[in-house]
Amino acid sequence: MKRIIALIRPVMRDDVIFALHQVENFPGAALSDMQGIRRGLHQQAREHRETPGGSFVSLVRFEIVCSDDLAPLLVETIRANAFTGKPGDGKIFVSDVQAALRISNGQLDEDAL
């Protein structure tokens, strides 16, 4: 199993959600609104005597756990639909998941997805 974490621009959220729903066997996702600090902004703030608190950027975080074979398709779907071609489009991280458990019925691993 794989865990996909995607951090994207808030304006691209609906496009990504719509596209993910078109993927067969899409297992669902957890979403959260968050703020981040872009690389290099702290140094710029220090040089210009700005407060670091003014350098936050808004992001939407998608978290998806899926089967190994579905992960590449989901990653490409997110990438294609979050893309604007401008700096700050976001990042996608993929990692292995060792185990999963569905609390309601005790199903394990891919059956729990």
Side-chain angles (χ1 to χ4, degrees):
M1 292 177 297
K2 300 289 185 191
R3 178 173 64 168
I4 301 167
I5 296 174
L7 307 174
I8 67 165
R9 297 174 186 268
V11 299
M12 304 308 288
R13 173 183 37 219
D14 290 344
D15 291 345
V16 171
I17 291 170
F18 180 80
L20 288 171
H21 276 108
Q22 306 311 306
V23 174
E24 187 175 342
N25 296 322
F26 171 59
L31 274 73
S32 56
D33 293 321
M34 56 188 304
Q35 291 186 322
I37 303 171
R38 275 195 227 140
R39 180 177 45 178
L41 286 182
H42 181 70
Q43 182 63 31
Q44 290 173 9
R46 190 177 332 171
E47 290 170 2
H48 294 92
R49 303 285 187 243
E50 299 172 12
T51 59
S55 61
F56 289 115
V57 294
S58 294
L59 299 165
V60 175
R61 177 185 167 124
F62 283 75
E63 188 162 348
I64 303 167
V65 177
C66 64
S67 62
D68 288 347
D69 58 330
L70 188 56
L73 177 58
L74 293 177
V75 167
E76 178 53 25
T77 299
I78 295 167
R79 189 210 60 78
N81 289 278
F83 178 81
T84 69
K86 299 176 185 172
D89 274 349
K91 299 249 190 318
I92 301 173
F93 305 95
V94 180
S95 58
D96 290 323
V97 173
Q98 293 180 354
L101 170 72
R102 184 180 302 264
I103 294 171
S104 63
N105 61 15
Q107 289 178 308
L108 296 172
D109 300 330
E110 290 197 20
D111 291 335
L113 303 179

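As a basis for the values below, the full set of heavy atoms in this structure was taken, side chains included, without hydrogen atoms, waters or symmetry mates.
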| message | Can you pull out every salt bridge (charged side-chain N to carboxylate O under 4.0 Å, His left out) where at least one residue sits in residues 75-86? Sequence neighbours excluded, please. | response | Glu76-Arg79
| note | The residue among Ile5, Leu74, Leu7, Ile17 that forms side-chain contact (heavy atoms from CB on, under 4.5 Å) with Phe62 is Ile17
| So, for Ile92 and Val75, which heavy atoms are closest and what is the spacing to 0.1 Å? | CD1-O, 3.8 Å
| query | Is the CD1 atom of Ile103 crowded by more than 12 outside heavy atoms at less than 6.0 Å? | reply | no
| message | Minimum heavy-atom separation for Leu101 and Gly106, please, with both atom names. | response | CD1-O, 3.6 Å
| request: Could you note down all residue pairs passing salt bridge (charged side-chain N to carboxylate O under 4.0 Å, His left out) where residues 3-13 supplies at least one of them, sequence neighbours left out? | output: Arg3-Glu63, Arg9-Asp89, Arg13-Asp33
| What are the two closest non-hydrogen atoms of Asp109 and Ala99, and how far apart are they? | OD1-CA, 3.3 Å
| field | Closest approach of Ile4 to Cys66 (non-hydrogen atoms, all atoms of both residues) | value | CD1-SG, 4.0 Å
| message | For a 4.5 angstrom cut-off between non-hydrogen side-chain atoms, does Ser67 reach Asn25? | response | no
| remark: Between Ala29 and Ile64, the two heavy atoms sitting closest are CB-CG1, 3.5 Å
| task | List the steps and the verdict of side chain to side chain contact (heavy atoms under 4.5 Å, CB included) for Phe18 and Asn81. | result | CA-CA 9 Å; Phe18 180 80; Asn81 289 278; over 6 Å; no
| said: What verdict does the side chain to side chain contact (heavy atoms under 4.5 Å, CB included) test give for Arg102 and Asp111, after you've listed the backbone C-alpha separation in whole Å, the side-chain angles of each residue and the deciding distance to 0.1 Å? | reply: CA-CA 8 Å; Arg102 184 180 302 264; Asp111 291 335; over 6 Å; no
| request: State plainly whether one hydrophobic cluster holds both Val94 and Val65, where clusters connect Ile, Leu, Val, Met, Phe, Trp and Tyr through side-chain heavy atoms under 4.5 angstrom apart. | output: no
| query | Quick one: do Val60 and Phe93 end up in the same hydrophobic cluster if we chain Ile, Leu, Val, Met, Phe, Trp and Tyr together by side-chain heavy atoms under 4.5 Å apart? | reply | no
| note | So salt bridge (charged side-chain N to carboxylate O under 4.0 Å, His left out) across residues 19-31, not counting sequence neighbours, yields none
| note | With Val97 as partner, the option from Lys2, Met1, Glu110 fulfilling side-chain contact (heavy atoms from CB on, under 4.5 Å) is Met1
| query | Under 4.5 Å between side-chain heavy atoms, hopping through other hydrophobics if needed: is there a path connecting Leu73 to Phe83? | reply | no
| task | State plainly whether one hydrophobic cluster holds both Leu20 and Val11, where clusters connect Ile, Leu, Val, Met, Phe, Trp and Tyr through side-chain heavy atoms under 4.5 angstrom apart. | result | yes
| field | Taking every non-hydrogen atom, the tightest pair across Ala6 and Ile78 | value | CB-CG2, 3.8 Å
